[in-house]
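Heavy-atom basis, side chains included; hydrogens, waters and symmetry copies ignored.
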Amino acid sequence: MVLRAVIAPDKFRGSLDAVEAAAAIAAGLTRGGFDAVDQIPMADGGEGTLAVLSDVLGGSRRYVTVDGPLGASVDAQWAMLPGGTAVIEMARASGLALVAGRNDPLRASTRGTGQLIDAARRAGCKRVVVAVGGSATTDGGLGAIDALQWTLGGLDVTVGCDVTTRFVDAADVYGPQKGATRAQVELLRRRLEMLADQYAQRTGVDVRELEGGGAAGGLAGGLAAIGARLEAGFDVIAGAVQLDERLVGCDLVVTGEGRVDAPSLDGKVVGGVLDAAAGAGIAHRVVICGTAEAATRERLEANGVRVFTLAERAWDHGDAMARAALLCEEAALEAARTEPWT
C-alpha cells in the first residue's frame, strides 16, 4: 500500500516558521513509512505569508527602502511570484516589531506599506497580495493611500485579512496592543470615524461596513476604499497553493501551529486545513502543536482529529521551544505508526 500525506502547518511562533515545521513533520512521517509527503507551508494572511508563498510557488525576493512606522527608513522585503504577482507583508514596512517598545500609536503610519505597493507597481506587477498582520499602526491606511496618491493605478490588489474587525472598531480592539492608552484609544476611534467619512466622500466607499476593514489598524479598509478586495487570508493562501487539489487522494493530513485554541478553528490555518480535509473526505487528520487549550483539544478529538503537543514531550516550555523541530518530527513519527494502516 502506497501511503500519501499532505502536511500544511502554520508557523510555531518563536521557534519554527511554517516551512521549517512542514519539513520536520515530513521527516517524521517518512520515518514512519509514508511513501509520498507533500509539504504545503501555510499562513492566514498575516505574518509569514511572504515566506510561505515564495517558498511554495517560487519567484524572487526584492528589497526597497521605505518609511518605517515612525518615519525612519527601513529596508523592506517583498516578493515577485512567477507570473508577476507581488506579495507584500505590511509588517515588513509598518510592523510593530520595527518599533518594539517605542511605538507612538498616534503617529505610527502605513506610508511605507503604500511605498511597497508602489514599488511593485513600478516593477511591472499587475496583481498584488497584501498580508496585513502585525501592524504598529491605527491610521486607517491613510499613510499608504497618500503614498499611492489615492489610486491603485490599475493594480489588482487583494488584501488577505486574518480578522473580521470593522474599520472604526480597530481602535478599541488593537489600539492597546500597540501601546495606546485609554485616552489615545478614544482619540484613534474619533480619527477613524472622521477618516471613514473622508473615504466615503472621496471614493464613495463606506469602509465602516466592510468585514475585516479594521485589519492592520484600518489599512485593509483604506485600501478597499481605493479599489482593493478584502478576502479571508486563509482562503487567499489556500487558493494560491492549490490546497484543495493537492488533498485529493491523500491518506493523512497534518496541520499545526504553536498554540491551538478556539480562534485557531475560526478562519485560521488549523481550522481551515481541517475543514478542507473533511470536505475532501479524508478520515485521518492530525494536529501537531506546541500547546493545546483543553476545550479546543476536546472539540477536535470529538471530531476524530488526533492532537499531539510538543509540551507533552518536553521538560518545560523552554525545552519545547529549543527542540521544536525534533519534537515535531517525533510527534509525526508517532502519528504515522499508530494509525490503523500500520
K.L.:
If the threshold is 4.0 Å, N to carboxylate O, is there a salt bridge linking Lys11 and Asp17?
P.N.:
no
K.L.:
Scan side-chain atoms only and decide if Thr296 and Asp261 contain a donor-acceptor pair under the 3.5 Å cut-off.
P.N.:
no
K.L.:
Taking the side chain as everything from C-beta on, heavy atoms only, tell me whether Arg189 gets closer than 4.5 Å to Asp169.
P.N.:
yes
K.L.:
Would you say the side chain of Leu243 lies within less than 4.5 Å of the side chain of Ile40, judging by non-hydrogen atoms?
P.N.:
yes
K.L.:
Does some side-chain heavy atom of Leu16 sit less than 4.5 Å from a side-chain heavy atom of Cys328?
P.N.:
yes
K.L.:
Show the numbers, then the answer: is there a side-chain contact (heavy atoms from CB on, under 4.5 Å) between Glu211 and Leu230?
P.N.:
CA-CA 8 Å; Glu211 186 172 278; Leu230 307 187; over 6 Å; no
K.L.:
Indicate yes or no: at least one non-hydrogen side-chain atom of Val87 is less than 4.5 angstrom from one of Leu50.
P.N.:
yes
K.L.:
Answer yes when Asp319 and Arg313 have at least one side-chain N-carboxylate O distance shorter than 4.0 Å, and no when they do not.
P.N.:
no
K.L.:
Has Asp104 got a side-chain atom pairing as donor or acceptor with Leu106's backbone, closer than 3.5 angstrom?
P.N.:
yes
K.L.:
Does the side chain of Ser264 pick up a donor-acceptor pair with the side chain of Arg259 at under 3.5 Å?
P.N.:
no
K.L.:
So Thr151 and Ile226, side-chain contact (heavy atoms from CB on, under 4.5 Å) or not? Walk me through it.
P.N.:
CA-CA 6 Å; Thr151 178; Ile226 59 171; 6.0 Å; no
K.L.:
Just to verify, which of Asp10, Asp235, Asp44 counts as forming a salt bridge (Lys or Arg N to Asp or Glu O under 4.0 Å) with Lys268?
P.N.:
Asp44
K.L.:
Within the 4.5 Å heavy-atom criterion, are Val273 and Val269 side-chain neighbours or not?
P.N.:
yes
K.L.:
Please determine if Glu329 and Arg31 form a salt bridge, counting it only when a charged side-chain N lies under 4.0 Å from a carboxylate O.
P.N.:
yes
K.L.:
Is there a donor-acceptor contact under 3.5 Å from the side chain of Asp67 to the main chain of Gly112?
P.N.:
no
K.L.:
Tell me whether Arg111 contacts the main-chain N or O of Gly68 through its side chain, where contact means a donor paired with an acceptor under 3.5 Å.
P.N.:
no
K.L.:
Name the residue from Val2, Leu29, Asp251, Thr30 that meets the side-chain contact (heavy atoms from CB on, under 4.5 Å) definition with Asp35.
P.N.:
Val2
K.L.:
Using atom types as modelled and distance alone, determine if a side-chain donor or acceptor of Glu334 lies under 3.5 Å from a backbone N or O of Ala331.
P.N.:
no
K.L.:
Do Tyr199 side-chain atoms and Gly140 backbone N/O form a donor-acceptor pair below 3.5 Å?
P.N.:
yes
K.L.:
Hey, mind stepping through Ile7 and Asp38 against side-chain contact (heavy atoms from CB on, under 4.5 Å) and telling me if it holds?
P.N.:
CA-CA 6 Å; Ile7 305 167; Asp38 190 3; over 6 Å; no
K.L.:
Does the structure place the NZ or CZ of Arg61 under 6.0 Å from the centre of the six-membered ring of Trp78, at an angle of no more than 45° from the ring's axis?
P.N.:
no
K.L.:
Are Thr138 and Tyr174 linked by a side-chain donor-acceptor pair shorter than 3.5 Å?
P.N.:
no
K.L.:
So, are Arg190 and Glu193 salt-bridged, with charged N and O less than 4.0 Å apart?
P.N.:
no
K.L.:
With distance as the sole test, does Arg166 use its side chain to make a donor-acceptor pair with the main-chain N or O of Glu209 at under 3.5 Å?
P.N.:
yes
K.L.:
Compare all side-chain heavy atoms of Arg299 with those of Leu265 and state whether any distance is below 4.5 angstrom.
P.N.:
yes
K.L.:
Flag the pair Arg229 and Asp156 as a salt bridge only when some basic side-chain nitrogen lies within less than 4.0 angstrom of an acidic carboxylate oxygen.
P.N.:
yes
K.L.:
Given side-chain contact (heavy atoms from CB on, under 4.5 Å), test Val287 with Val260 step by step and report yes or no.
P.N.:
CA-CA 9 Å; Val287 171; Val260 168; 3.8 Å; yes
K.L.:
Indicate yes or no for a side-chain donor-acceptor contact from Glu89 to the backbone of Gly48 under 3.5 Å, with no hydrogens or angles considered.
P.N.:
yes
K.L.:
Does the side chain of Thr255 reach to within under 4.5 Å of the side chain of Met42, using non-hydrogen atoms?
P.N.:
no
K.L.:
Is Arg121 reaching over with its side chain to a backbone N or O of Leu155, donor-acceptor style, under 3.5 angstrom?
P.N.:
no
K.L.:
List the steps, then state whether side-chain hydrogen bond (donor to acceptor under 3.5 Å, both in side chains) holds for Lys126 with Thr85.
P.N.:
CA-CA 7 Å; Lys126 299 300 182 185; Thr85 293; over 6 Å; no
K.L.:
Taking Val66 as the starting point, is it possible to reach Val157 by hopping between hydrophobic residues whose side chains are less than 4.5 Å apart?
P.N.:
yes
K.L.:
May I ask you to test the Val37-Arg4 pair for a side-chain heavy-atom distance under 4.5 Å?
P.N.:
no
K.L.:
Please check: side-chain N/O of Thr203 versus main-chain N/O of Ala200, any donor-acceptor pairing under 3.5 Å?
P.N.:
no
K.L.:
Is any side-chain N of the basic residue among Arg297 and Glu293 closer than 4.0 Å to the acidic one's carboxylate O?
P.N.:
no
K.L.:
Are the side chain of Thr110 and the backbone of Thr113 linked by a donor-acceptor contact shorter than 3.5 Å?
P.N.:
no
K.L.:
Are Val270 and Ile282 linked, directly or through other ILVMFWY residues, by side chains that come within less than 4.5 angstrom of each other?
P.N.:
no
K.L.:
Are there over 12 heavy-atom neighbours, none belonging to Gln149, within less than 6.0 Å of that residue's CD?
P.N.:
no
